[in-house]
Novice: 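Sharing a structure, written as structure tokens. Questions coming.
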Amino acid sequence: MKAIVVTDRTAGTAAMKLVERPAPQAAINDVVVQVHASGFVPTELAWPSTWTDRLDRDRTPSIPGHELAGVVTALGYGTTGLSVGQRVFGLADWYRDGTLAEYVAIEARNLAPLPGDVDFTVGASLPISGLTAWQGLFQHGRLHAGQSVLAHGAAGAVGSMVTQLAREAGAYVIGTGRAADRQMVLDFGAKEFIDLDNDALEEVGEVDLVFDVIGGDIQKRSAGLLRAGGILVTVVGPAEARPSDGVAVDFVVEPDRAQLSEIVQRVRDGRLRTNIGNISILDDAVAALNPTERRKGNTIIRVRP
């Protein structure tokens, strides 16, 4: 099968190669999925799991990409809940070969059914951004109606999901980004927009929840905006800032079939819009994943036409 592999940790996406690899086999509780579309997060090349297994042994050349949408082609021994020929989407294990390939072996529990009226490209854009937003807001942030949310990077793949899901939950959303992002952020449902290059972040006032995708100084300044009992949720590693009278939570997104189903249902009925920035095919993926200019939203690789 065709697959994108990485071998050089220091070279980043520039060292990606399109090669031929053996097709994967389904282990116990696995399925093999014929990948129709795959998502890719550039930061995954900085994750230890891209380069080593759980015992810290080198596993290169490894196949990156962890979001997928496709069709089940084989079931491993003991696998239940899915069937051959079923359309699925989901999130591949961090420590296993990923989804920038024609086929992937993946635990069945990491997948959810993809309704027939949802395109594979859309399905592949949902797992990381959708689950990250969902888990950050509702599991870790304990968000409820009437609260206020400061959503950083609100024009990005994760931030736009945070904005929409928080708005739907009845929260007042303040989105941040660059000046050019203003209208997009407001279109996604934010009530206010803060230009981090030119506006004073502190003018936001007190908020109940900060959803941080930036870290550094922005995270530290944002922690100071939390009202008593507020929660700072971050996805950029251990929190550097601790609210004086609140909680800081960092987390790594996890697959969840029920949450994926909730997310895709919202896409189907128009409550949630995906944020796809660029679509390419597998043969052109190396170039697409080495952009020469800033791109907003998810980059999706169509593996099958």
Novice: How many angstroms lie between atom CG of L201 and atom OG1 of T176, to the nearest 0.5 angstrom?
Specialist: 7.5 Å

Novice: Establish, from distance only, whether the side-chain atoms of S160 and N275 form a donor-acceptor pair under 3.5 Å.
Specialist: yes

Novice: The test is side chain to side chain contact (heavy atoms under 4.5 Å, CB included); show your working for V118 and F89 and say whether it passes.
Specialist: CA-CA 10 Å; V118 178; F89 74 119; over 6 Å; no

Novice: Indicate yes or no: at least one non-hydrogen side-chain atom of V253 is less than 4.5 angstrom from one of V235.
Specialist: no

Novice: Show the nearest heavy-atom pair for residues T52 and Y95, with the distance to one decimal.
Specialist: O-CD2, 3.3 Å

Novice: Assess the residue pair R271 and Q265 against the criterion (side chain to side chain contact (heavy atoms under 4.5 Å, CB included)); give the C-alpha distance rounded to whole Å, side-chain angles, the decisive distance to 0.1 Å, and a yes or no.
Specialist: CA-CA 9 Å; R271 287 178 286 165; Q265 182 56 45; 4.3 Å; yes

Novice: Is any side-chain heavy atom of P64 closer than 4.5 Å to one of M16?
Specialist: yes

Novice: May I ask you to test the E102-L282 pair for a side-chain heavy-atom distance under 4.5 Å?
Specialist: yes

Novice: Compare all side-chain heavy atoms of D283 with those of K2 and state whether any distance is below 4.5 angstrom.
Specialist: yes

Novice: Does S49 offer a backbone N or O that forms a donor-acceptor pair with the side chain of R59 under 3.5 Å?
Specialist: yes

Novice: Do E107 and P255 have side chains that approach each other closer than 4.5 Å (heavy atoms only, starting at C-beta)?
Specialist: no

Novice: Measuring from atom OG1 of T13 to atom CD1 of I4, what distance do you get when rounded to the nearest 0.5 angstrom?
Specialist: 11.0 Å

Novice: Identify the residue among V31, D93, L68 that makes a side-chain contact (heavy atoms from CB on, under 4.5 Å) with V104.
Specialist: L68

Novice: Is it the case that the side chains of N278 and T299 hold a donor-acceptor pair, with the cut-off being a distance below 3.5 Å and no angle test?
Specialist: no

Novice: Go through it in stages, so that I can follow the logic: the residues are Q219 and L232, the test is side chain to side chain contact (heavy atoms under 4.5 Å, CB included), and I'd like the CA-CA distance, side-chain angles, deciding distance and then a yes or no.
Specialist: CA-CA 9 Å; Q219 181 191 104; L232 184 150; 4.0 Å; yes

Novice: Can you confirm whether V5 sits close enough to I63 that some side-chain heavy atom of one is under 4.5 Å from a side-chain heavy atom of the other?
Specialist: yes

Novice: Apply salt bridge (charged side-chain N to carboxylate O under 4.0 Å, His left out) to D58 and R9, showing your working.
Specialist: CA-CA 11 Å; D58 180 81; R9 192 168 186 168; over 6 Å; no

Novice: On a heavy-atom basis, which atom in V41 and which in E67 lie closest, and how many Å separate them?
Specialist: CG2-OE1, 4.4 Å

Novice: On a heavy-atom basis, which atom in R96 and which in D30 lie closest, and how many Å separate them?
Specialist: NH2-OD2, 2.7 Å

Novice: Do W134 and D256 have side chains that approach each other closer than 4.5 Å (heavy atoms only, starting at C-beta)?
Specialist: no

Novice: Give, for atom CZ of R273 and atom OG1 of T163, the distance between the pair rounded to the nearest 0.5 Å.
Specialist: 10.5 Å

Novice: When you measure from the side chain of Q164 to the backbone of G189, do you find a donor-acceptor pair of N or O atoms at a distance under 3.5 Å?
Specialist: no

Novice: Check for me, please, whether V158 and V173 land in the same ILVMFWY cluster - side-chain distances under 4.5 Å, paths through other members count.
Specialist: no

Novice: Between A248 and A241, what is the shortest heavy-atom contact and its length?
Specialist: CB-O, 3.6 Å

Novice: Would you please name every residue forming a salt bridge (charged side-chain N to carboxylate O under 4.0 Å, His left out) with D197, sequence neighbours left out?
Specialist: none

Novice: Nearest 0.5 Å please: distance from the CZ atom of R242 over to the NZ atom of K220.
Specialist: 13.0 Å

Novice: Any sub-3.5 Å donor-acceptor pair from D53's side-chain atoms to R57's backbone N or O?
Specialist: yes

Novice: So, taking the atom named NE2 in H66 and the one named CD1 in I128, what distance separates them when rounded to the nearest 0.5 Å?
Specialist: 7.0 Å

Novice: Apply side chain to side chain contact (heavy atoms under 4.5 Å, CB included) to L165 and R266, showing your working.
Specialist: CA-CA 9 Å; L165 289 172; R266 283 163 171 75; 3.9 Å; yes

Novice: Is it true that I276 and V267 fall in one hydrophobic cluster, defined by side-chain heavy atoms closer than 4.5 Å?
Specialist: no

Novice: CG of D187 to CG of D181: how many Å apart, nearest 0.5 Å?
Specialist: 11.5 Å

Novice: Assess, by modelled atom type and distance only, whether the side chains of Q135 and Q259 contain a donor and an acceptor separated by less than 3.5 Å.
Specialist: yes

Novice: Give the minimum heavy-atom separation between A228 and D245, together with the two atoms involved.
Specialist: CB-OD2, 3.2 Å

Novice: Measure the shortest side-chain to side-chain distance between V35 and R304 over non-hydrogen atoms and say whether it is less than 4.5 angstrom.
Specialist: no

Novice: With a cut-off of under 6.0 Å to the ring centre and 45° to the axis, is R87 in cation-pi contact with F120?
Specialist: yes

Novice: Kindly check if the number of other-residue, nucleotide or ligand heavy atoms within 6.0 Å of CD (E168) is above 12?
Specialist: yes

Novice: Which atom names give the shortest non-hydrogen contact between E240 and G216, and what distance separates them?
Specialist: OE2-N, 3.4 Å

Novice: May I ask you to say whether R21 pairs ionically with D97, meaning some side-chain N is under 4.0 Å from a carboxylate O?
Specialist: yes

